[in-house]
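Just so it is clear, the model here is predicted, and its values are computed rather than measured. Numbers restart at 1 for each chain; the letters A, B, ... are given by sequence-line order, proteins then strands.
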Amino acid sequence: MSEQQELDTDIQEAREEFLGVEFDSVEFDLQPSHTIKYATLCGETQERFLDENHPDFQAPPTFVASLSGGRYLPEGYPRFGGVSMDAGKGVESLEPIRPPLKLIGKSHIHDIFTKTGRSGRMVFTVTRLEFYTEDGIHVANSDSRQVSRERG
Amino acid sequence: MAKEKLSDVEFGEELSAFEPDTTLATGAEFADLVGWIREDGAKNRFNSHEAAKKEGLPGAFIPGILSQGYLVSMIHQWAPPAEIKKVDTVFRSPVIADVKHSITGVVTDIDEDEGLVEIDLTVVNDKGETRIFGTASVRLPQ
């Protein structure tokens with residue numbers, strides 16, 4: 001087996017053990033004043049994000065990116081040998097989020113993949129926080145990507 | 001002119017440039033709002049240039065998720081009824097507080113069947129250096 005195949009084996013094992021397995025659940029209490037301030041600081045100008053009496057009042061779509069679970073990674077998740085850094089964030093809006101309301105955030109590892117550069121292998125871990133209303137409606141996803149850069 | 005419906009949008013068109021508020025005061029207020037400042041107000045990389053420099057950083061950071069919020073606000077100014085379906089950002093380098101930045105955007109795809117527009121977004125500093133890349137998928141009325 002080549003070195004690359006051996007390296008990929010650890011990724012395959014991590015994928016089999018961790019992908020899609022919920023490891024954290026947190027409840028969030030969203031208040032209009034909080035999301036309005038968030039929208040204001042982001043430079044939002046549309047009244048549906050700024051006026052809680054607006055008929056289409058909702059939190060700004062990226063608000064969920066500010067909510068984090070109790071744990072970022074599951075217990076026993078491998079370190080992949082390098083220092084971990086923030087590689088980016090993504091938000092998917094499925095339904096408008098209209099405060100005041102409670103959201104339940106459920107975390108799982110959504111993807112693990114590698115890229116190999118001149119300085120060695122980089123392992124990317126995507127943690128997805130899925131948000132649901134108390135009625136079980138899936139309203140948004142927030143992805144955080146971390147990269148561990150291994151020494152070549 | 002603000003875009004109200006999908007047919008107002010042209011492939012390759014550029015969004016009006018947006019200058020976000022990257023002052024230290026705003027970045028610090030935002031960091032406090034999202035819980036990144038301790039209750040005792042201790043100085044850190046989001047509310048103090050000096051504290052950031054002690055960490056070996058060039059200056060205080062604007063939180064990445066605030067920059068993400070700027071991208072969305074820019075889209076809403078360009079097309080007020082736009083529904084953001086997805087936005088993805090890659091933090092290439094920090095956005096330093098109290099440095100002027102600008103955001104540009106360009107329409108890279110229009111899906112007339114789904115009513116979706118794809119937009120590439122870039123945050124650059126006053127030296128023209130790219131700090132953040134972003135892509136967004138937005139829905140506009142047909």
Side-chain angles (χ1 to χ4, degrees), chain A residues 26 28-50 54 56 58-70 84-97 110-111 115 122 124 126 128-129 139-147, chain B residues 2 16 18-23 25-36 45-46 61-94 101-103 116 121 131-139:
Chain A
V26 179
F28 302 98
D29 186 9
L30 273 58
Q31 294 300 319
S33 59
H34 192 77
T35 66
I36 289 169
K37 187 169 183 186
Y38 193 100
T40 302
L41 290 169
C42 289
E44 191 56 70
T45 55
Q46 300 305 306
E47 287 298 312
R48 65 184 185 274
F49 305 109
L50 301 172
H54 190 282
D56 192 27
Q58 56 190 275
T62 60
F63 177 78
V64 293
S66 70
L67 304 176
S68 54
S84 182
M85 294 179 294
D86 190 350
K89 299 211 181 298
V91 168
E92 182 177 18
S93 297
L94 305 173
E95 299 288 342
I97 295 171
H110 187 67
D111 201 4
K115 291 182 181 178
M122 295 178 290
F124 290 79
V126 181
R128 174 165 289 181
L129 193 48
V139 292
N141 294 321
S142 174
D143 289 351
S144 296
R145 289 188 300 276
Q146 292 282 321
V147 57
Chain B
S16 303
F18 182 84
E19 282 203 4
D21 176 1
T22 51
T23 58
T26 295
E29 190 175 359
F30 183 89
D32 188 35
L33 180 72
V34 299
W36 294 357
R45 63 175 63 180
F46 296 114
F61 285 14
I62 293 297
I65 57 173
L66 175 54
S67 293
Q68 194 179 49
Y70 291 146
L71 301 181
V72 168
S73 296
M74 176 186 182
I75 292 170
H76 285 145
Q77 288 192 20
W78 170 72
E83 276 179 54
I84 309 294
K85 304 311 291 180
K86 286 184 186 176
V87 59
D88 194 83
T89 46
V90 176
F91 305 132
R92 183 171 168 181
S93 295
H101 288 74
S102 60
I103 307 176
L116 294 173
L121 300 145
R131 308 284 90 179
I132 295 173
F133 291 120
T135 56
S137 176
V138 309
R139 175 164 287 140

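Contact between A/G43 and B/S73 at its shortest, heavy atoms only, is C-OG, 3.5 Å. When all heavy atoms of A/Q46 and B/P80 are compared, the closest pair comes out as OE1-CB, 3.4 Å.
Residues B/V72 and A/F63 are not in side-chain contact: their nearest non-hydrogen atoms beyond the backbone lie 4.5 Å or more apart. Residues A/T62 and B/I65 have side chains not in contact (no heavy-atom distance under 4.5 Å, counting atoms from C-beta outward).
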Next on the checklist: What verdict does the side-chain contact (heavy atoms from CB on, under 4.5 Å) test give for A/T45 and B/H76, after you've listed the backbone C-alpha separation in whole Å, the side-chain angles of each residue and the deciding distance to 0.1 Å?
Outcome noted: CA-CA 8 Å; A/T45 55; B/H76 285 145; 5.6 Å; no
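Here B/F30 is the residue among B/W36, B/F30, B/F133 with the most heavy-atom pairs under 4.5 Å with chain A. Of all the listed residues (B/I84, B/L33, B/V90), the one sharing the greatest number of non-hydrogen pairs under 4.5 Å with chain A is B/L33.
A salt bridge links A/R145 with B/D88: at least one charged nitrogen is closer than 4.0 Å to a carboxylate oxygen.
For A/P60, no part lies near chain B; criterion is any non-hydrogen pair under 4.5 Å. Interface remark: A/E92 contributes backbone and side-chain atoms alike to the contact with chain B (heavy atom separation under 4.5 Å). Heavy atoms of B/P20 lying under 4.5 Å from chain A are absent altogether. In this structure, the portions of A/A65 lying under 4.5 Å from any heavy atom of chain B include both its backbone and its side chain. If you measure heavy-atom distances from A/L67 to chain B, you find no contacts under 4.5 Å at all. For B/A25, no part sits under 4.5 Å from any heavy atom of chain A, backbone or side chain.
Atoms CD and OG, from B/Q68 and A/S66 in turn, are 10.0 Å apart once rounded to the nearest 0.5 Å.
Here B/W78 pairs with nothing under the ring pair (Phe, Tyr, Trp, His ring centres under 6.0 Å) rule; sequence neighbours left out.
Of the possible polar contacts, one joining the B/T89 side chain to the A/K89 backbone as a donor-acceptor pair under 3.5 Å is found.
Under a cut-off of 6.0 angstrom, the local environment of NZ in B/K85 is crowded, with over 12 non-hydrogen atoms contributed by other residues, nucleotides or ligands.
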